[in-house]
Amino acid sequence: MKSLFASELQEGMVTAADTYTDQGYLVVPKDTVLTKNLINRIINNNVLTVEITGEEIITKKPESADSGDENKLLLTGNFIDISKSVDTTTKQYQMFKKAYDSNIENLSDKINDVVHKNAPIDVDDMLENTLEIVKSTNSPLSIFTMLSTLKNYDDSTFNHSLNVSLICNIFGHWLNFKEKDVELLTACGLFHDIGKLLIPQEIIKKPGKLTDEEFAIVKTHPKRGYDLLKNKNVDPHIQMAALMHHEKCDGSGYPMGLTGDKIDWCAKIVTIADIYEAMTAKRVYRGPLSPFKVISMFEDDGLKKYEPQYILTFLEHVVNSYVNCRVKLSNGAEGDVIFINKVNLSKPLIKTADNSFIDLSKSSDLSIESIL
């Protein structure tokens with residue numbers, strides 16, 4: 001890694017750290033391949049120096065790319081899409097979707113056997129199949145953006161568990177964990193909601209608000225999942241993630257109302273991934289919420305409910321993944337996310353179609369309604 005003056009930057013270089021303006025707005029995220037337009041953006045925002053990786057970059061555009069598209073470059077053999085949009089016609093996306101669909105079928109069959117036939121759990125086998133999805137992509141970030149295209153899948157425990165598992169895998173990399181711990185987190189995500197399969201499905205899939213009695217039944221799923229896993233040959237952290245993924249650090253969670261250090265570290269991470277996935281996914285009683293609305297909800301909760309190290313890392317990386325995305329605002333206007341407000345992550349700077357700018361941090365009546 002080395003620090004270069006903005007005037008020394010060249011197309012094809014890769015940023016080694018997030019690049020901010022003096023006012024704290026994100027200009028270019030870490031691991032971004034620089035294009036001419038991005039270099040101009042850095043210079044125009046009076047950024048003096050940028051941290052660059054020492055990796056050799058091949059600045060050759062893929063043959064399938066539009067000759068006018070400056071957002072795609074070849075990085076050590078892998079395509080990096082700086083615009084963060086997902087082209088569902090690409091070979092990479094098709095490989096991802098094929099691996100995802102295959103894993104859902106495999107996951108549902110094996111977990112149903114565990115729950116209803118008392119079959120043994122082969123964690124390594126199930127984890128290997130899930131990691132095939134990771135291998136089908138070029139980076140954790142690409143997994144995250146491609147998951148956003150799958151929000152219209154049926155809202156099932158299996159889809160949710162697989163999505164949480166993949167988010168946990170990304171999360172572990174964001175936290176710079178060792179690979180064995182990343183894989184453990186991935187497995188925790190796979191099994192965290194296994195207890196829901198022991199709840200009557202007419203309650204789980206009810207298209208409306210649950211009664212107090214029904215919600216009380218739903219809240220038993222962590223203990224049911226733990227009881228199912230405790231006699232199986234699985235890592236204790238997997239058992240604890242099933243039991244504690246609704247606990248909160250301030251004691252407001254369930255089923256035991258645990259606080260702080262009494263909550264397993266894997267469960268703390270699964271909790272964040274679980275909430276984010278559940279809120280941004282389609283439900284039988286509502287559509288998916290905007291990621292920025294969910295980020296705002298996390299911000300409103302403050303740092304008391306979640307481990308600060310984990311929630312701050314998660315939110316900053318999640319919001320950075322939407323830089324350059326086209327969004328729809330609550331007033332119906334559309335625009336692109338161009339800068340992230342570091343002190344108010346859910347309120348970025350938006351550039352509209354008429355080249356005007358909206359600073360959402362200064363517009364309390366406006367918010368991001370959806371990602372387009």
Side-chain angles (χ1 to χ4, degrees), residues 99-134 143 147 150 153-173 175 177 179-201 204 217-247 253-256 258 263-278 281 310:
Y100 184 94
D101 289 344
S102 174
N103 198 292
I104 282 292
E105 184 177 351
N106 178 70
L107 184 67
S108 61
D109 288 344
K110 292 189 175 181
I111 289 187
N112 271 323
D113 285 346
V114 170
V115 173
H116 301 296
K117 299 180 181 179
N118 197 31
I121 298 177
D122 189 338
V123 175
D124 290 340
D125 178 59
M126 297 175 72
L127 183 61
E128 182 180 355
N129 288 328
T130 301
L131 293 177
E132 285 299 316
I133 301 177
V134 179
I143 298 173
L147 275 178
L150 302 177
Y153 272 52
D154 289 339
D155 172 28
S156 74
T157 298
F158 305 113
N159 285 101
H160 171 67
S161 296
L162 180 54
N163 292 351
V164 170
S165 177
L166 292 171
I167 291 173
C168 284
N169 185 283
I170 300 166
F171 202 166
H173 284 105
L175 291 165
F177 284 171
E179 197 58 36
K180 66 176 183 178
D181 290 330
V182 173
E183 292 184 1
L184 174 59
L185 278 174
T186 307
C188 286
L190 276 180
F191 294 100
H192 81 284
D193 247 359
I194 194 169
K196 276 192 176 177
L197 297 176
L198 296 168
I199 304 295
Q201 290 303 292
I204 295 297
I217 293 173
V218 170
K219 289 174 69 174
T220 66
H221 80 270
K223 180 64 164 55
R224 295 188 190 212
Y226 170 74
D227 288 342
L228 180 67
L229 293 173
K230 68 181 180 181
N231 296 320
K232 301 291 185 181
N233 183 28
V234 299
D235 190 289
H237 289 291
I238 297 175
Q239 299 169 1
M240 291 299 103
L243 178 64
M244 301 179 182
H245 68 277
H246 282 288
E247 300 287 356
Y254 67 87
M256 296 172 288
L258 300 178
I263 305 173
D264 181 85
W265 67 270
C266 286
K268 291 179 179 179
I269 293 173
V270 171
T271 295
I272 296 170
D274 175 55
I275 293 172
Y276 182 84
E277 204 289 324
Y310 297 155

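Along the sequence shown, residues are numbered consecutively beginning with 1. What you see is a predicted model, and the numbers here were worked out from it, not measured in a lab.
Residues I269 and L175 meet the side-chain proximity criterion, which asks for heavy atoms closer than 4.5 Å. Side-chain atoms of T271 and H246, non-hydrogen and from C-beta on, never get closer than 4.5 Å to each other. No side-chain heavy atom of F191 sits under 4.5 Å from any side-chain heavy atom of V234. Taking 4.5 Å as the limit, some side-chain heavy atom of M256 sits within range of a side-chain heavy atom of L243. With contacts defined as side-chain heavy-atom distances shorter than 4.5 Å, the pair N233/I121 does not qualify.
The backbone N or O of T186 sits less than 3.5 Å from a side-chain atom of S165, completing a donor-acceptor pair. Not a single donor-acceptor pair under 3.5 Å links the side chain of K268 to the backbone N or O of E247. A donor-acceptor distance shorter than 3.5 angstrom exists from the side chain of H245 to the backbone of A242, with no hydrogens or angles considered. Within the 3.5 Å criterion, the main-chain N or O of K196 finds no donor-acceptor partner in the side chain of D193. S161 places no side-chain N or O within donor-acceptor distance of the main-chain N or O of F158, the cut-off being under 3.5 Å.
The distance from the CD atom of Q201 to the OG1 atom of T157 is 6.0 Å, given to the nearest 0.5 Å. D235 contributes atom CG, which lies 11.0 Å from atom CG of L229 (distance to the nearest 0.5 angstrom). From N103, atom CG reaches atom OG1 of T130 across 4.0 Å, with rounding to the nearest 0.5 Å. For the atom pair I272 CD1 and Y310 OH, the distance stands at 8.5 Å (nearest 0.5 Å). E183 CD to E128 CD: the interatomic distance, rounded to the nearest 0.5 Å, is 10.0 Å. For the atom pair L190 CG and L166 CG, the distance stands at 8.0 Å (nearest 0.5 Å).
Between E277 and the options I167, L162, N159, a side-chain contact (heavy atoms from CB on, under 4.5 Å) holds for only I167.
Between I238 and A187, the shortest heavy-atom contact is CD1-CB, 3.8 Å. Pairing each heavy atom of C168 with each of G189, the nearest pair is SG-CA, 4.4 Å. Minimum heavy-atom separation, V270 to C188: CG2-CB, 3.8 Å. The two residues G225 and I194 have their closest heavy-atom pair at CA-CG2, 3.8 Å. The two residues L198 and R224 have their closest heavy-atom pair at O-NH1, 2.8 Å. The minimum heavy-atom distance between M244 and D264, with the atom names listed, is SD-N, 3.3 Å.
Crowding of D109 atom CG: a count of heavy atoms from other residues, nucleotides or ligands under 6.0 Å exceeding 12. Enclosure of atom CD in E179 by more than 12 non-hydrogen atoms of other residues, nucleotides or ligands within 6.0 angstrom is indicated.
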Ring pair (Phe, Tyr, Trp, His ring centres under 6.0 Å) between H192 and H160: does it pass, once the steps are laid out?
-> CA-CA 10 Å; H192 81 284; H160 171 67; 5.2 Å; yes
Begin from the C-alpha positions of I204 and H221 and carry the test side-chain contact (heavy atoms from CB on, under 4.5 Å) through to its verdict.
-> CA-CA 11 Å; I204 295 297; H221 80 270; over 6 Å; no
M240 and W265: CA distance, side-chain angles, deciding distance, side-chain contact (heavy atoms from CB on, under 4.5 Å) verdict | CA-CA 9 Å; M240 291 299 103; W265 67 270; over 6 Å; no
side-chain contact (heavy atoms from CB on, under 4.5 Å) assessment of F171 paired with L185 = CA-CA 9 Å; F171 202 166; L185 278 174; 5.7 Å; no
side-chain contact (heavy atoms from CB on, under 4.5 Å) between K232 and V123: does it pass, once the steps are laid out?
-> CA-CA 10 Å; K232 301 291 185 181; V123 175; over 6 Å; no
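Looking at Y100 and N163, their side chains do bring a donor and an acceptor atom within 3.5 Å of each other.
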